[in-house]
Amino acid sequence: MSHEYNPKEIEKKWQDTWEKQGIYTTPESKDGAENMYLLSEFPYPSGNLHVGHWYAFAMPDIYARLKRMQGYNVLYPIGFDSFGLPAENAAIKRGLDPKEWTYGNIDYMRNQLKSMGASFDWSREIITSEPEFYRWTQWMFTQFFENDLVYRDITKVNWCEQCKTILANEQVIAGKCERCGSEVIQKDMAQWMLRITKFADPLIDDLEKLNWDESIKQAQREWIGRKEGSLIPFEIQKNENLEVFTTRADTLFGVTYIVLAPEHKKIQKWKEQITNWAEVENYVQSVAKKSERDRQQTKEKTGVRLEGITAINPATKKPIEVWIADYVLAGFGTGAVMAVPAHDERDAEFALTHDLPFQFVILPSAGEIGHSRPLITSGENVSILEAGAHEEKGQKQINAEWHAFYDIIEHDKDGLLPKGKRVACSFEGRLIHSGEFNGLSSEEARVKITKAVGGTLTKTYRLRDWGVSRQRYWGTPIPIVYDPEGLPHSIPLEHLPWQLPTDVDYTPDGTAPLARSQELRERTENIFGKGWTPEVDTMDTFVDSSWYFYRYLDNKNQDIFAKEDFIKQWMPISLYFGGSEHTTMHLLYSRFWVKALHSLGLVPHSEAYEGRSNRGLILGPDGQKMSKSKGNVIDPDEVVSFVGADAVRMYLAFIGPFNEPGNYPWDPNGVVGVKRFLERVWRLREKVSKEPSEELFVKSLHQTIKKVSEDLERLKFNTAISQLMTLLNQAEKLEKIGEGEYKIFLQLLAPIAPHITEELWNSFEDTSIHQSSFPQYNERFLADDEKTLPIQINGKNRAFIKVKKGISEKEITDLVLTQDEVKKWVSGKEIKKIIYKEDKIFNIVI
RNA sequence: GCCGGAGUGGCGGAAUUGGUAGACGCGUACGACUCAAAAUCGUAUAUCUUUGGGUGUGUGGGUUCAAGUCCCACCUCCGGCACCA
């Protein structure tokens with residue numbers, strides 16, 4: 001061991017040694033050790049490991065190392081999510097083969113990953129673009145096809161003109177492509193859909209049993225967007241029914257017209273009966289031209305009446321008008337709305353614009369009136385009054401408005417509001433002007449009215465089925481062939497993997513590159529017969545990552561994606577580390593995938609991730625997101641060559657609480673500070689002696705063991721490190737430190753800084769520190785018999801006295817009252833009260 | 001608008017069940033070592049101050065002997081959803 005701490009030398013040495021000795025190769029089971037599966041989302045082989053990768057893999061590695069030292073048989077695997085658009089786009093830009101480019105990157109990244117000193121079991125590595133991997137992606141797809149979990153449909157799809165491919169709803173962020181940021185347009189296309197909506201309920205309900213952050217669960221619930229309501233049939237013309245979805249069946253008597261989405265299929269059917277067809281068609285086309293974004297941003301309530309079409313309100317049996325308007329969305333509910341202007345803000349706006357009747361049917365309960373206000377509309381002016389606008393309008397005026405509100409509804413016999421006195425109120429309450437249902441609460445009425453008119457109670461979801469077809473080259477080929485009649489058939493296992501053809505010009509032009517492969521066409525005809533054609537789209541890469549974690553368990557198996565025994569031994573994953581951007585994409589898709597596999601009896605569990613940790617983001621030193629254009633990118637390789645991998649790992653662990661996904665700016669001086677700490681740990685070796693350390697230090701050491709164990713367990717690496725720093729500060733003040741104590745200190749630090757601790761440990765022991773047992777604290781050393789107690793007077797600290805723990809109130813009172821600092825405040829004054837909390841506080845109230 | 005989370009020094013961030021706010025690190029200042037610098041080590045570092053003490057955890061109230069922590073109202077920021085019937 002040299003006198004200087006030289007990370008470059010020792011880190012490489014130990015990485016090689018660990019690999020040679022295979023100390024991180026994880027057996028399927030280990031005597032006396034419980035299995036634990038820890039996983040970090042695998043990377044895209046984009047070519048370069050950035051600080052984010054270090055954060056993503058080195059932090060979970062701290063936890064994996066801790067758990068291994070605590071006696072678990074820990075699986076912490078790694079692989080590459082190597083199919084996909086980024087790789088393909090980059091390859092096209094450089095004029096290379098996507099495969100060559102990708103595999104070159106993988107080789108490069110593998111070495112970079114090794115330089116982190118992470119305890120990956122490399123023998124279990126997977127690469128999703130390997131035929132032996134995608135063979136099983138394809139097989140699962142065929143299983144889903146056979147069991148009606150996947151289907152082909154022609155629908156409006158999100159199309160990215162830049163990437164020349166379809167995108168899933170989840171990949172459209174605020175109307176733009178998740179990858180390239182360009183505007184997404186709508187297009188009619190055939191694509192393969194996965195029935196994720198079939199599992200909408202369990203995807204929400206099973207969140208309950210997961211040990212995840214509430215924010216992640218909530219985001220998923222909102223994405224799935226379950227709403228309970230009713231389907232109500234409205235008779236249109238003769239014998240034709242139109243279903244509408246509503247959450248407010250209690251307002252059915254207040255329905256004064258119906259509005260359809262311009263895309264609603266019935267409109268074309270009614271062409272003959274609509275007397276103003278030209279006008280209607282014109283409107284439909286003008287809406288079709290608008291982008292989804294424009295349509296959502298315009299708040300004006302435009303619309304056209306379908307003249308000649310009349311609906312019957314099933315409650316009142318009165319005829320009502322039918323309209324189309326673009327504020328009604330085709331994709332939600334049934335694409336048709338029953339309009340209740342008197343009790344819905346949007347309907348009120350629309351009704352005022354187009355002069356449609358307001359029928360008042362719900363009297364808000366008195367409780368609502370205290371802090372909320374109705375929407376009041378009068379004449380042509382809409383003044384929407386809501387809760388929480390107290391700043392602008394005083395309480396008096398609010399009361400006046402309520403007064404006016406009651407005035408209007410009380411003066412009206414049948415609830416049909418006259419022009420100029422139109423009022424809307426979206427609150428629930430009791431029913432009026434609703435025949436036999438009068439007096440019922442909204443809640444009761446919803447059920448009763450729905451049943452009375454032959455409707456059904458139902459749920460509706462925001463979630464759409466997952467479209468997985470991609471018109472690109474570098475992805476898993478969809479294992480489907482079409483017979484001469486054009487009917488799809490899944491490819492049987494014996495012909496899987498259904499290889500990605502290589503005789504393809506993969507430059508994207510909007511059509512699928514695989515269609516240009518002669519080999520693929522010939523292969524299909526050779527196997528299936530003349531006239532058979534292959535599917536030419538590839539799969540969304542989120543399919544690959546939906547099940548990859550099973551393959552780590554049995555990555556060489558040729559007969560099945562993973563042996564059942566191994567799945568039972570390892571799953572579910574105890575803790576899954578990843579980025580928050582995947583909350584409504586990867587995390588949702590893979591939960592669906594597992595549920596689908598489970599429904600086919602292929603896996604024994606319905607959830608794969610017991611725990612989930614979303615990590616934060618490492619920002620540039622300027623507090624901005626790292627980007628080449630801003631010139632604030634930190635290159636980890638560079639930093640490692642300067643301070644070593646241990647310092648980089650430790651700095652990232654120290655930068656902020658890993659269990660809270662915040663944004664933490666990289667401070668170049670911070671790394672240096674951590675490097676200084678490691679150098680001091682190195683130098684402390686010289687103070688090690690055979691004599692045990694003094695008792696005070698042993699006490700601190702045991703407190704440190706406790707704190708570090710607890711903090712590492714909670715992923716609060718930052719405070720674990722600060723405790724180790726405090727202990728080092730103490731140790732440095734001593735002349736000598738016992739060998740045993742020093743070794744324990746090294747063990748505590750080992751998960752965080754694996755190389756330096758191994759090197760120092762090696763000067764005492766022949767076996768690896770990482771195979772040693774994590775230290776346990778001894779209660780005996782934690783018990784302090786003295787305590788410095790703050791003495792407060794009227795709640796302010798005035799003195800501190802050292803007392804025996806558990807001292808009685810009488811004893812301490814006598815002691816405190818003799819203290820000069822206390823006398824100064826108390827003398828001549830009456831003591832009203834004394835509060836003494838054992839070992840916590842002593843407070844005198846005067 | 002609805003839902004979730006967060007506001008603490010110059011900076012990143014600490015503070016079990018309410019009980020010494022600012023741990024630890026960075027930065028800064030001064031000192032030691034040095035011909036000098038770097039590195040290293042030591043000391044100080046919320047703020048005001050008449051040196052008694054006062055004030056301080058986004059704002060305003062409240063509960064309590066005691067509030068960063070609990071309650072009410074609000075402001076700001078971050079994330080998710082949003083013409084969703």
Side-chain angles (χ1 to χ4, degrees), chain A residues 213-225 227 229-230 244-248 251 258-259 261 295-301 325-329 331-340 343-347 349-350 371 384 386-388 390-391 460-462 580-581 583-584 614 619 621 623 651 654-657 660-674 676-677 679-680 683 710 716 718-729 732 788-800 824 832-837 839-846:
Chain A
D213 247 28
E214 189 52 35
S215 58
I216 309 173
K217 293 186 185 181
Q218 198 53 34
Q220 290 215 349
R221 281 188 205 110
E222 267 159 31
W223 183 264
I224 297 165
K227 281 230 169 78
S230 315
V244 302
F245 174 79
T246 179
T247 56
R248 292 294 305 271
T251 62
I258 281 192
V259 198
R295 193 171 154 181
Q296 286 183 6
Q297 274 165 3
T298 42
K299 295 275 170 183
E300 301 118 64
K301 295 282 177 293
D326 70 349
Y327 80 90
V328 176
L329 307 174
F332 187 82
T334 61
V337 170
M338 57 174 232
V340 191
H343 301 288
D344 181 276
E345 192 181 327
R346 288 176 321 258
D347 293 344
E349 285 172 23
F350 188 83
H371 24 287
I384 296 158
E386 308 159 57
H390 294 249
E391 300 300 310
T460 183
Y461 304 86
R462 204 190 82 95
S580 16
E581 71 275 18
T583 300
T584 53
N614 275 5
L619 306 175
Y651 174 63
F654 190 53
I655 203 167
E660 287 171 31
N663 298 330
Y664 306 108
W666 177 276
D667 177 2
N669 287 314
V671 197
V672 177
V674 167
R676 268 203 284 268
F677 169 84
E679 278 164 352
R680 286 160 57 199
R683 266 179 265 139
E710 288 168 359
K716 294 207 64 167
N718 55 335
T719 49
I721 291 171
S722 84
Q723 179 65 33
L724 289 168
M725 287 173 165
T726 307
L727 189 74
L728 178 69
N729 289 343
E732 282 178 332
T788 304
L789 212 60
I791 308 302
Q792 299 187 333
I793 291 162
N794 287 346
K796 286 203 194 317
N797 293 328
R798 295 301 180 187
F800 297 96
K824 190 167 74 187
K832 290 189 185 125
K833 199 174 177 185
I834 281 175
I835 291 129
Y836 171 56
K837 293 273 172 199
D839 304 335
K840 287 240 167 103
I841 201 97
F842 188 90
N843 191 7
I844 304 170
V845 186
I846 53 172

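What you see is a predicted model, and the numbers here were worked out from it, not measured in a lab. The sequence lines fix the lettering, A, B, ..., with proteins before strands; numbering per chain opens at 1.
Here the P atom of nucleotide B/A66 and the CD1 atom of A/I834 are 16 Å apart, to the nearest Å. Atom pair A/W223:CH2 and B/G80:P shows a separation of 10 Å (rounding to whole Å applied). In this structure, A/W666 places its CH2 atom 17 Å from C1' of B/G13, rounding to the nearest Å. Atoms NZ (A/K716) and C1' (B/A14) sit 8 Å apart, rounded to a whole Å. Residue A/L619 contributes atom CG, which lies 10 Å from atom P of B/G13 at whole-angstrom precision. Atom-to-atom, CD1 of A/I655 to C1' of B/G25 comes out at 11 Å; the value is rounded to the nearest Å. In this structure, CZ of A/R683 is placed 9 Å from C1' of B/C41, rounded to the nearest angstrom. Per the geometry, CD1 belonging to A/I791 stands 19 Å off P belonging to B/C65, to the nearest Å.
The shortest side-chain heavy-atom distance between A/V845 and A/N794 falls under the 4.5 Å cut-off. The shortest distance between side-chain heavy atoms of A/F677 and A/I721 does not fall below 4.5 Å. Side-chain contact between A/D347 and A/V259 is absent, with no heavy-atom pair separated by less than 4.5 Å. At least one side-chain heavy atom of A/N729 sits under 4.5 Å from a side-chain heavy atom of A/R680. Looking at heavy atoms from C-beta onward, A/Y327 lies out of side-chain contact with A/E349 at the 4.5 angstrom threshold.
The nearest heavy atom of RNA chain B to A/D667 and to A/S722 marks one nucleotide each, and the one closer to the 5' end goes with A/S722. When the nearest nucleotides of RNA chain B are assigned to A/G795 and A/A336 by heavy-atom distance, the more 5′-ward of the two goes with A/G795.
Note on A/N614: every side-chain N or O is 4.0 Å or more away from OP1 and OP2 of B/G79. For A/N718 and B/A14, the shortest distance from a side-chain N or O to OP1 or OP2 is below 4.0 Å. Remark: A/R676 is in phosphate contact with B/C26, judged by side-chain N or O atoms under 4.0 Å from OP1 or OP2. Between A/N843 and B/A66, a side-chain N or O to OP1/OP2 separation shorter than 4.0 Å is absent. Contact check, A/N729 against B/G25: a side-chain N or O comes under 4.0 Å of OP1 or OP2. OP1 or OP2 of B/G19 has not a single side-chain nitrogen or oxygen of A/K837 nearer than 4.0 Å.
Pairing partner, B/A37: none, since no Watson-Crick or wobble contact has both distances short of 3.5 Å. Pairing partner, B/U76: B/A6, with both Watson-Crick or wobble hydrogen-bond distances short of 3.5 Å. The nucleotide B/C81 finds its pairing partner in B/G1, both defining distances of the Watson-Crick or G-U wobble pair being shorter than 3.5 Å. Look at B/G12: its Watson-Crick or wobble partner, with both distances under 3.5 angstrom, is B/C24. B/C70 and B/G62 make up a base pair, with Watson-Crick or G-U wobble contacts both under 3.5 Å. Across every strand in view, B/U47 sits in a pair with B/G54 that passes the Watson-Crick or G-U test at under 3.5 angstrom.
In this structure, of B/U17, B/C24, B/G53, it is B/U17 that holds the atom nearest to the side chain of A/K840. Between B/C41, B/G80, B/U20, one nucleotide has an atom nearer to the side chain of A/R680 than all others, and that is B/C41. Each of B/G54, B/C65, B/A85 was ranked by its minimum atom distance to the side chain of A/V845; first place goes to B/C65. Listed nucleotides: B/G25, B/U20, B/A85. Nearest to the side chain of A/T247: B/A85.
Although no hydrogens or angles enter the test, the distance criterion places no donor-acceptor pair under 3.5 Å between the side chain of A/Y651 and the main chain of A/W666.
Looking at heavy-atom distances under 4.0 Å, A/P657 makes contact with sugar-phosphate atoms alone, never a base. Nucleic acid contact class of A/V674 (heavy atoms, under 4.0 Å, all strands): none. Within 4.0 Å (heavy atoms only), A/G673 reaches sugar-phosphate atoms of the nucleic acid but no base atom. Among the heavy atoms of the strands lying under 4.0 Å from A/Y664 are primed sugar atoms or P, OP1, OP2 only; no base atom is included. In this structure, A/F677 reaches neither bases nor backbone, as no heavy-atom distance under 4.0 Å exists between it and the strands shown.
To the nearest 0.5 Å, atoms CD (A/E581) and CG (A/N614) are separated by 8.0 Å. To the nearest 0.5 Å, atom CD1 of residue A/I791 and atom CG of residue A/N843 are 9.5 Å apart.
For the C1' atoms, the distance from B/C26 to B/G9 is 13 Å, rounded to whole Å. Look at the P atom in both B/A73 and B/G4: the space between them is 14 Å, to the nearest Å. For the P atoms, the distance from B/G22 to B/C72 is 29 Å, rounded to whole Å. Taking atom P in both B/U34 and B/U45, one finds a spacing of 28 Å when rounded to whole Å. Annotation: B/G68 and B/C75 have their P atoms spaced 23 Å apart (nearest Å). Annotation: B/G10 and B/A29 have their C1' atoms spaced 13 Å apart (nearest Å). Atom name C1', nucleotides B/C78 and B/G58: the rounded distance is 15 Å, in whole Å. The separation of B/U55 from B/U8, taken at their C1' atoms, amounts to 15 Å, rounded to a whole angstrom.
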Under-3.5 Å N/O pairs linking protein and nucleotides 3-5 of chain B:
{"unit_1": "B/C3", "atom_1": "O2'", "unit_2": "A/Q218", "atom_2": "NE2", "d": "3.2"}
{"unit_1": "B/C3", "atom_1": "O2'", "unit_2": "A/E222", "atom_2": "OE2", "d": "3.3"}

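An anti base is found at B/G5: its glycosidic angle is more than 90° from 0. Nucleotide B/G42 carries an anti base; the chi torsion (O4'-C1'-N9-C4 or O4'-C1'-N1-C2) is more than 90° from 0.
One cannot find a donor-acceptor pair under 3.5 Å joining the base of B/C65 and the side-chain atoms of A/K832. Residue side chain A/K796 does not reach the base of B/U20 through any donor-acceptor N/O pair under 3.5 Å, judged by distance alone.
Between A/Y836 and A/F842, the ring planes lie tilted relative to each other; the angle falls in the 30° to 60° range.
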message = Is there a side-chain contact (heavy atoms from CB on, under 4.5 Å) between A/E222 and A/T584? Walk through the geometry before answering.
response = CA-CA 9 Å; A/E222 267 159 31; A/T584 53; over 6 Å; no
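Pairing each heavy atom of A/P790 with each of A/N797, the nearest pair is CB-OD1, 3.9 Å.
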